[in-house]
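Notes follow the structure.
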Amino acid sequence: MKSTACAIAALAVSTATAMAAPSVERGDYLVNSIMGCGNCHTPLGPQGPVRDQALSGRLVEESDLMTAVAPNITPASRIAEWSDAELATAIREGVRPDGTIIGPPMPFKAYRAISDDDLASIVAYLRTVPAVENDAGASRYNIPLPPAYGPPLETVSAPAEGVTAGYGEYLSSLGHCMECHSPLTPQGPDWGEGFARGGAEFHGPWGTSTAPNLTNHPDGLAAYSDAELEAMITQGKRPDGSDMLPPMPYGYLARMTAEDLDALVLYLRSIPGQPDM
């Protein structure tokens with residue numbers, strides 16, 4: 001396995017942005033805040049995520065279309081045998097070292113925007129998490145998987161960090177917000193006419209939850225203040241005090257910095273208003 005230091009050097013590209021250099025600390029922040037990786041990859045117990053089994057995999061969805069398992073991504077799993085570049089390609093492009101395609105609900109359409117520096121940080125962090133022995137099983141699909149999620153990527157940069165709509169849009173890609181908040185079609189989320197207009201349904205022990213409209217429309221976010229939106233994102237509380245439902249990863253999003261949260265809300269305000277689908 002190539003060293004993490006070598007992978008960071010290989011994956012990082014020189015940009016004119018103010019982004020921090022790749023680091024384990026940056027990877028820790030991304031994985032455990034805006035990306036909410038544990039929301040799918042950490043086993044669930046009666047009280048929520050099982051912290052001492054973090055990132056060791058679980059069954060995420062079982063339906064007529066698929067049995068989707070988020071695999072173990074701790075160093076106790078097969079990723080320990082992958083080079084850092086191979087792990088990076090699996091995360092961002094959905095291709096395993098043997099050339100097979102990783103299936104949904106991993107949000108590759110959004111993850112193709114992950115910058116080289118942030119990808120290097122994510123890989124570096126995953127190499128440091130506690131190894132947890134857990135076999136969550138294998139995914140099975142009754143739908144065809146695409147041959148690829150797009151052409152191979154060479155370099156990807158990110159906008160400069162800051163409280164801007166542009167950086168907020170980048171954060172929304174890391175958080176794959178529009179993967180859930182756009183209507184689902186047989187080909188995946190509708191990022192055309194349906195972009196950010198809600199409607200996707202999620203089934204679990206809580207019952208059925210429907211992702212709401214995130215556009216700047218009365219059906220969406222227009223009636224809420226920024227403070228109310230931030231409370232909904234990080235606390236799962238509506239302005240009337242009622243609780244919002246899973247699978248929105250409120251606990252992870254609560255770890256975002258105040259500046260990142262402000263940037264994300266600024267981006268959401270910039271999405272042209274559209275009614276519910």
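Hydrophobic clustering keeps Tyr252 apart from Ile73 (ILVMFWY residues linked when any side-chain heavy atoms are closer than 4.5 Å, directly or through intermediates). Leu126 and Trp82 fall within a single hydrophobic cluster, where Ile, Leu, Val, Met, Phe, Trp and Tyr are joined by side-chain heavy atoms under 4.5 Å apart, directly or via other members. Linking Ile, Leu, Val, Met, Phe, Trp and Tyr residues whenever their side-chain heavy atoms come within less than 4.5 Å leaves Phe202 and Leu65 in two separate clusters. Transitive grouping of hydrophobic side chains (ILVMFWY, heavy atoms separated by less than 4.5 Å) keeps Trp206 and Val50 in distinct clusters. Hydrophobic clustering, with ILVMFWY side chains joined whenever heavy atoms are under 4.5 angstrom apart, groups Ile233 together with Tyr224.
There is a side-chain donor-acceptor pair under 3.5 Å between Asn213 and Thr215.
Side-chain atoms of Thr74 come within 3.5 Å of backbone N or O of Val132 as a donor-acceptor pair. The backbone N or O of Gly57 lies less than 3.5 Å from a partner atom in the side chain of Asn134, making a donor-acceptor pair. Listed for the Asp84 side chain is no donor-acceptor partner under 3.5 Å among the backbone atoms of Val123. Not a single donor-acceptor pair under 3.5 Å links the side chain of Tyr111 to the backbone N or O of Gly94. Between the side chain of Tyr167 and the main chain of Tyr267, no donor-acceptor pair closer than 3.5 Å is present. Between the side chain of Ser182 and the main chain of Met178, a donor-acceptor pair closer than 3.5 Å is present. For Thr210 (side chain) and Gly199 (main-chain N/O), no donor-acceptor pair under 3.5 Å exists by modelled atom type. Of the possible donor and acceptor atoms, none in the side chain of Asp262 sits under 3.5 Å from a partner among the backbone N and O of Val163. In terms of modelled atom types and a separation under 3.5 Å, the side chain of Ser121 and the main chain of Ser23 share a donor-acceptor contact.
The structure places CG of Leu268 at 7.0 Å from CG of Leu229, a figure rounded to the nearest 0.5 Å. To the nearest 0.5 angstrom, Leu30 atom CG is 11.0 Å from Tyr125 atom OH. The distance from atom CE of Met66 to atom CG of Asn142, rounded to the nearest 0.5 Å, is 9.0 Å.
Residues Arg127 and Ile79 are in side-chain contact: their nearest non-hydrogen atoms beyond the backbone lie under 4.5 Å apart. Residues Val69 and Arg58 have side chains not in contact (no heavy-atom distance under 4.5 Å, counting atoms from C-beta outward). Side-chain contact between Arg112 and Pro151 is present, with heavy atoms from C-beta onward closer than 4.5 Å. Contact annotation: the side chain of Phe108 never approaches that of Ile101 to less than 4.5 Å [non-hydrogen atoms, C-beta and beyond]. A 4.5 Å side-chain heavy-atom check between Val31 and Ile122 finds at least one atom pair inside the cut-off. Taking 4.5 Å as the limit, some side-chain heavy atom of Leu214 sits within range of a side-chain heavy atom of Leu221. Proximity of Val156 to Ile114: side-chain heavy atoms (C-beta onward) are nowhere separated by under 4.5 Å. Contact of the Met256 side chain with the Glu230 side chain is not registered, since no non-hydrogen atoms from C-beta on lie closer than 4.5 Å.
When all heavy atoms of Ala113 and Tyr170 are compared, the pair lying nearest together is O-CE1, 3.2 Å. Residues Ile91 and Met106 approach most closely at O-CE, 4.1 Å, considering heavy atoms. Heavy atoms only, all atoms of each residue included: Pro239 and Met232 are closest at CD-SD, 4.0 Å. In terms of heavy-atom proximity, His176 sits nearest to Met35 at CE1-O, 3.5 Å. Contact record, Gly194 with Met277: CA-SD, 4.0 Å, taken as the closest heavy-atom pair. Here the closest heavy-atom approach between residue Tyr149 and residue Glu93 is recorded as CD1-O, 3.4 Å.
A salt bridge does not link Asp219 with Arg197: every distance from a Lys NZ or Arg NE/NH1/NH2 to an Asp or Glu carboxylate oxygen is 4.0 Å or more. No salt bridge links Asp260 with Arg255; every basic N to acidic carboxylate O contact stays at or beyond 4.0 Å.
Applying the ring pair (Phe, Tyr, Trp, His ring centres under 6.0 Å) test to every pair with at least one member in residues 25-65, sequence neighbours left out, gives no pairs at all.
With a 6.0 Å radius and a threshold of 12 heavy atoms from other residues, nucleotides or ligands, Arg140 has its CZ atom at or below the threshold. Within 6.0 Å of the CG atom in Asp98, the count of heavy atoms belonging to other residues, nucleotides or ligands exceeds 12.
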